[in-house]
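The next block holds one structure in the form of structure tokens; read it before the comments.
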There are 4 protein chains.
Amino acid sequence: MIRYLTAGESHGPKITGIVEGVPAGLELSEDDIALHLARRQKGYGRGGRMAFEKDRAEISSGVRFGKTTGAPIAMQMPNRAYEKDDAGWPKVMNKEGDGADVDPITVPRPGHADLIGIQKYRYNDIRPSIERSSARETAIRVACCFPARKLLKHFGIEIGGHVIRIGSSGYEKPWEDVRNLVDPMLKDGAETVFKAADESPVRCLDEELTQKMRDEIIVRRKEGSSLGGHYEVVVTGLPAGLGSFVHWDRKLEGQLAQVIMGTQAMKGVEIGLGFEAGRRHGQEVHDEITYEDGNYRRGSNRLGGLEGGVTTGMPLIIRGVMKPIPTMLTPIKTVDIETKEEKDTRYERSDVCALPRAVVVIENVIAPVLANAFLDKFGGDSIEEIEERYQAR
Amino acid sequence: MIRYLTAGESHGPKITGIVEGVPAGLELSEDDIALHLARRQKGYGRGGRMAFEKDRAEISSGVRFGKTTGAPIAMQMPNRAYEKDDAGWPKVMNKEGDGADVDPITVPRPGHADLIGIQKYRYNDIRPSIERSSARETAIRVACCFPARKLLKHFGIEIGGHVIRIGSSGYEKPWEDVRNLVDPMLKDGAETVFKAADESPVRCLDEELTQKMRDEIIVRRKEGSSLGGHYEVVVTGLPAGLGSFVHWDRKLEGQLAQVIMGTQAMKGVEIGLGFEAGRRHGQEVHDEITYEDGNYRRGSNRLGGLEGGVTTGMPLIIRGVMKPIPTMLTPIKTVDIETKEEKDTRYERSDVCALPRAVVVIENVIAPVLANAFLDKFGGDSIEEIEERYQAR
Amino acid sequence: MIRYLTAGESHGPKITGIVEGVPAGLELSEDDIALHLARRQKGYGRGGRMAFEKDRAEISSGVRFGKTTGAPIAMQMPNRAYEKDDAGWPKVMNKEGDGADVDPITVPRPGHADLIGIQKYRYNDIRPSIERSSARETAIRVACCFPARKLLKHFGIEIGGHVIRIGSSGYEKPWEDVRNLVDPMLKDGAETVFKAADESPVRCLDEELTQKMRDEIIVRRKEGSSLGGHYEVVVTGLPAGLGSFVHWDRKLEGQLAQVIMGTQAMKGVEIGLGFEAGRRHGQEVHDEITYEDGNYRRGSNRLGGLEGGVTTGMPLIIRGVMKPIPTMLTPIKTVDIETKEEKDTRYERSDVCALPRAVVVIENVIAPVLANAFLDKFGGDSIEEIEERYQAR
Amino acid sequence: MIRYLTAGESHGPKITGIVEGVPAGLELSEDDIALHLARRQKGYGRGGRMAFEKDRAEISSGVRFGKTTGAPIAMQMPNRAYEKDDAGWPKVMNKEGDGADVDPITVPRPGHADLIGIQKYRYNDIRPSIERSSARETAIRVACCFPARKLLKHFGIEIGGHVIRIGSSGYEKPWEDVRNLVDPMLKDGAETVFKAADESPVRCLDEELTQKMRDEIIVRRKEGSSLGGHYEVVVTGLPAGLGSFVHWDRKLEGQLAQVIMGTQAMKGVEIGLGFEAGRRHGQEVHDEITYEDGNYRRGSNRLGGLEGGVTTGMPLIIRGVMKPIPTMLTPIKTVDIETKEEKDTRYERSDVCALPRAVVVIENVIAPVLANAFLDKFGGDSIEEIEERYQAR
């Protein structure tokens, strides 16, 4: 079973991750990972803040001569800003000393973990809440999940995501329009989807909609507000029979929902038709079963590739929502935790819309869930061993 | 940590559950549980099929003189139909013998686990898929989760659910309309919500909408189709600071999403505004922080009681979607797994809409997640011990 | 992954277990399990107490037509004494009522969980401690672990245990004497060991030693004392490569040690030479590696079948110690929890030596650990699927 | 719940660990950790090999101004030898390239993970087995477990270990002699034990025995053999009621046994009298219960501080065995994995006896188990919060 832990603060010296349980013999390089880290950094709607960083996860164990060894893989991403910029991070984030010369932050920003961090951990400074709940952590999460994604890819399982709505700009008929656009692309694997989406500054497959989204971001930036939106992630090549219906915690719907909703700023998730399935009646929802060339197929794929928590062999279709970024130029009312006085939120440099980049995070966080279901089915400790079985199916 | 396993088939002799980790000294009776089992059984849209059963979970361990002992609690729900009816279940579900006199089921119903069970477990009869993936299992899940719900109740934390949409019948402005209706009720605790909803045959708080939903069910029943819909579950009384943002798998959003999406027929989940948050800009989403009478509050509660995966002290608001029941009078195309010939699905007696009853299941399955977050915060092995701390906060 | 929960009190209406994660298609019957339950009940050194019970675990789910379905398996063992005997258990163990007519037990027996149960769970009656910590629970544990044992057996992996010491009666040279006796038997699989041991009333393979152990039990019974001892469990047929050295919690030594030390009355565990390895120097401990007929072997097997936490393909050799039964005719000093006065322990009918029966428990509790390591290696959801791979190795 | 992952190879660039679940507000510094890392490095019986390293774990997250923040703590220990020495480790351990210029190791050393690594992971070079199974990993494990140890210390719970046997040199009556020596020291807390033991080059509390052990090491070094031995670890200050008897996997005996047996080279573990309990009869084993000054005590502590898997409030006494180091100057027979020819093991510089240092590792690995049982009992997210409750007991 692949499992991982991440550590690190947004402005600390580095973020770190350890992934355990990756089979031996998987080709893995820092360049591979860097590709997705770069994708995660690109997207319209960013502020200027992190423009100077170019993320790279340094592997310090578990890989030798370009292949995994089966041992835990440690990765680190040094924070270049920590030393270089003039914000004094080594002093602010000092692991030693008493912090007497560092002013505590006492005005919590609504929508962030600022206030609940204080309440839960009894901090007298909001800084540690800000640092650990920051989306910066998703960079190392992308890196930690990548070996699982690579494993899936080795067996022809591809993942690709794209943006379907930003604020008021979205497909008119979100299910039909997107299916018509995306399903033909899936014959060549879901990576065609992310590659096409990457051509759009907002990761939207539709050119006109891309323009609308960009315009909406410009408007909201001027207003000092922010935006979130909806995305879709598709997975192709999954064999039928991964996951299980025999116990609730083995259902893939649930496991996928947890990793997605466990990602910063996500407030909803759906599989296939999702919420739309509640608006329709049964004949408009369930998928006919057919048999072609020795394989069962579904006439449509409105249930999104899962029945009873188990893969059907059809593409997996997941959608989710990211809330607008809470940090905004136009302030919201809040309270100083020391004086209990009403305050306006202080502006910090921030992005206007993080969704185009968040899609890359979601593509990656679902990979360990699927890889673990795959390993449950096929077992094995090395790619070579798994491959023998996979071929012999 | 509260954990549980369930076992049992829809038409087997009984369904069984074991719950481990419940503190000692919690008042618990079969009558308590039976109340929610009865609620789970009631709701417009049912077929005639299970009308004769009146569920009761028999406790056979872990409770003495009306209180939990801290030991695992075993519960069983005998299937009265197993012996009594004339369908021959003891023969069909025989744990012994070779089954030579039982005809296998070979025509999988789309939307159920029928086909994937065959593919995953190599059954040559669809029966075991049908039996274990059945919604019958949710009865014992309600029972297993009830001790956690009772624990929460002891500390003033209440859960209540209601239906907000069935097919095309739903609130016009799902967020505002429901907030206006529900929020005033929450001052008296979320149980007021379920009690009011229980007055409606479709568990809808709005009388006019109840009528519309009922009419829609009648229409779809006549057509031989089925319906699903949307529900909302609200939790009041949660102290701020449960859950954590420091690691993704400790975020309550994710844990809640897993238990909900791990429930039969659920295809989506959202917290607070959910998908609506993707359609709005930031100023319309984030909640002002205020301070009143020694407590932090949020001016609105559009994030639904969680920030950064941690409770804010505001009511928790969860919504989800249940797909329409796959078993329908009007057949769907499918394939015989033996002959590979195209077939129509065979009709089996079934409900038209299970949503009003499913709401009760969701109310219960979230309870262990919240109780575990509560126990993480307050620790302790007995209600007495936990109470001392809770009072001393 | 196979996992299980048990529930039930020694004098409650029944004990219950649920096992989740057993692959489909495994032949399983109540008779199979009853064999090991009967073995667990037989052994010299018993008191008269439970002579009337003949244990049988009733399966109520997860098995159809003699084979597992992949769904959770629930098992129950009704307590015949509960209704029949005159001790009034239904009243004493009543799940309802206030217990006003039941006298609390207030004198804790040293060596049992009596006192710590009071301290941990704030009971005012020792009864619940007695009931749940009782060795009665090991009966359902044997049943719950049996499917894993059967799975292993299907793939030629056999488990057999025997007693090597009771009190002062044991092999003179515990390692050499036992190896000389047991190793030749292992060519026919480890089940030959338990079958031969079952011929001895104390489950000892040596006839003379059997007589000595029996005599020692007689002497200690007369004195009103009790006895424990040492046992050995051997596993044959394990392929090399189960478990892993890459992370501490994946080492089989640790996982095996936990399940054994998690069993009532066990105070120590060792693999291979165990503690003797600390008395020797390196040349007397490590096993030469040889290569014969296409397989690596070890010249000796002093490390007991594991190197670095991973199976070597040699027999697994585990030893453990069970402490003497704490309930003894000759009293020990203790304290009344109400009055805090010094008291003598009250005698309750009890066995003098439980070790011969405990060996059967240990044989079974290790099975899920080994089966899970096996499933990690070979994967798969049905015996048929696993077998294809196992044959193709 | 405190959990951790470690990564890193013996001769790679660094070893890394991440610890998650440590409460906020715990004082923690690199110097604190370095003390135990230095203790782990010191001990008679070492080879010259690692003399130049002085271990220090660099904390890169989760600590600010000398206190934990509740966020995961990442630690790294760079391998100074990696860059400096002339063995060419950067080439041998290269994460990139094809390794064409690095000769594979093909002669497995008995007693190490060398051969099983090949069998499990299908390596064609033994190097990755050597690197990850090396005792070097225990350095980062000591660091990862230290925050738990510090937490315990904050609440007066102290851990101390010492050596009781090396080869043939050990206490004559291992239980009585050691109890007479150690028990009087425990009034001042178990740290007095490790501090006294640290005065001995072999960490033995007895001066004469220290001399004997040292002599035995000298003899075996000359012979080209190696030694292991027995140790004891004692924990004082544990409140009664940690752990539980209600389910087997919650028993502390089992959890402690896993972490200990999950440590390199450990082949046995026992609690209290341990295996000696099997040689005695009941009256010589069980501990009288007494009541003094408002506390229950045991007249003796032969069960070692645990009854039914739960702490009794008496000192916890754990013993274990470490096997002799497998790498020896005098070769053992083995087989070349390429040619399948018989070979002698190649000598590598190595220690003769690692036990004095391993004691420090065991002291640390048990800390998370005890800290988690403590947190289960007392709950809470910050030291301040836990302390309020602990004082209010």
Side-chain angles (χ1 to χ4, degrees), chain B residues 3-9 12-20 23-25 28-31 58-76 78 92-100 102 117 120-123 125 127-129 131-133 381-385, chain C residues 3-9 12-20 23-25 28-31 58-76 78 92-100 102 117 120-123 125 127-129 131-133 381-385:
Chain B
R3 53 185 170 163
Y4 65 96
L5 290 175
T6 74
E9 282 76 36
K14 67 180 80 174
I15 49 178
T16 309
I18 295 179
V19 198
E20 204 281 314
L28 188 70
S29 76
E30 292 178 1
D31 287 347
E58 294 166 12
I59 295 174
S60 61
S61 64
V63 176
R64 190 175 175 231
F65 304 148
K67 292 191 174 177
T68 58
T69 64
I73 301 166
M75 288 179 281
Q76 296 141 77
V92 172
M93 298 303 294
N94 195 353
K95 62 189 160 193
E96 295 171 343
D98 61 1
V102 176
K120 182 175 186 69
Y121 291 111
R122 302 202 182 182
Y123 303 142
D125 179 357
R127 174 59 59 193
S129 298
E131 290 293 324
R132 182 59 190 161
S133 63
D381 296 303
S382 65
I383 294 299
E384 190 185 287
E385 183 180 13
Chain C
R3 53 184 170 162
Y4 64 96
L5 290 175
T6 74
E9 282 77 35
K14 66 180 80 176
I15 49 178
T16 308
I18 296 179
V19 198
E20 204 282 314
L28 187 70
S29 77
E30 292 177 2
D31 288 346
E58 294 166 12
I59 294 173
S60 61
S61 64
V63 177
R64 190 175 178 233
F65 304 149
K67 293 191 174 178
T68 57
T69 64
I73 302 166
M75 288 179 281
Q76 296 141 79
V92 173
M93 298 303 293
N94 196 354
K95 61 189 161 194
E96 294 171 345
D98 62 1
V102 175
K120 181 175 186 70
Y121 291 110
R122 302 204 182 182
Y123 303 142
D125 178 357
R127 174 60 58 193
S129 298
E131 291 293 324
R132 182 59 191 162
S133 64
D381 296 302
S382 64
I383 294 298
E384 191 184 286
E385 183 180 14

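For the numbers below, each heavy atom of this structure counts, side chains included, while hydrogens, waters and symmetry mates do not. Given the structure is predicted, the values throughout are model-derived calculations rather than measurements.
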Report the option among [options] that has the most heavy-atom pairs separated by less than 4.5 Å from atoms of chain C.
options	answer
Ile383(B), Val19(B), Ile15(B), Val102(B)	Val102(B)
Gln76(B), Arg122(B), Arg127(B)	Arg122(B)
Leu28(B), Ile73(B), Val92(B)	Val92(B)
Glu30(B), Arg3(B), Glu131(B), Glu9(B)	Glu9(B)
Gly70(B), Ser29(B), Ser61(B)	Ser61(B)

With Glu58(C) via salt bridge (Lys or Arg N to Asp or Glu O under 4.0 Å) - residues at least two apart: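 Listed in chain order: nothing, the list is empty.
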Counterpart residues, side chain to side chain contact (heavy atoms under 4.5 Å, CB included), relative to Thr6(C) (two or more places apart): Tyr4(C), Arg132(C), Glu137(C), Ile140(C), Cys144(C), His247(D)
Shortest non-hydrogen contact from Leu5(B) toward Ile18(C):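 Looking at all heavy atoms of both residues, the closest pair is O-CD1, 3.4 Å.
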Shortest non-hydrogen contact from Ser133(C) toward Ser129(C):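 Reported closest heavy-atom pair: OG-O, 2.6 Å.
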Interface moiety of Asn94(B) toward chain C, non-hydrogen atoms closer than 4.5 Å: both
Among Gly62(C), Ala24(C), Gly99(C), Ala100(C), residue most engaged with chain B (heavy-atom pairs, under 4.5 Å): Gly99(C)
Option in Gly12(C), Ala74(C), Pro13(C), Ser60(C) with maximal non-hydrogen atom pairs under 4.5 Å from chain B: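 Of Gly12(C), Ala74(C), Pro13(C), Ser60(C), Ser60(C) has the most heavy-atom pairs under 4.5 Å with chain B.
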Pair Arg64(C) + Asp125(B): basic N to acidic O under 4.0 Å: yes
Sidechain-backbone polar pair: Thr68(C) side chain, Pro23(C) backbone, donor-acceptor under 3.5 Å: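 Checking the backbone N and O of Pro23(C) against the side chain of Thr68(C), a donor-acceptor pair under 3.5 Å is found.
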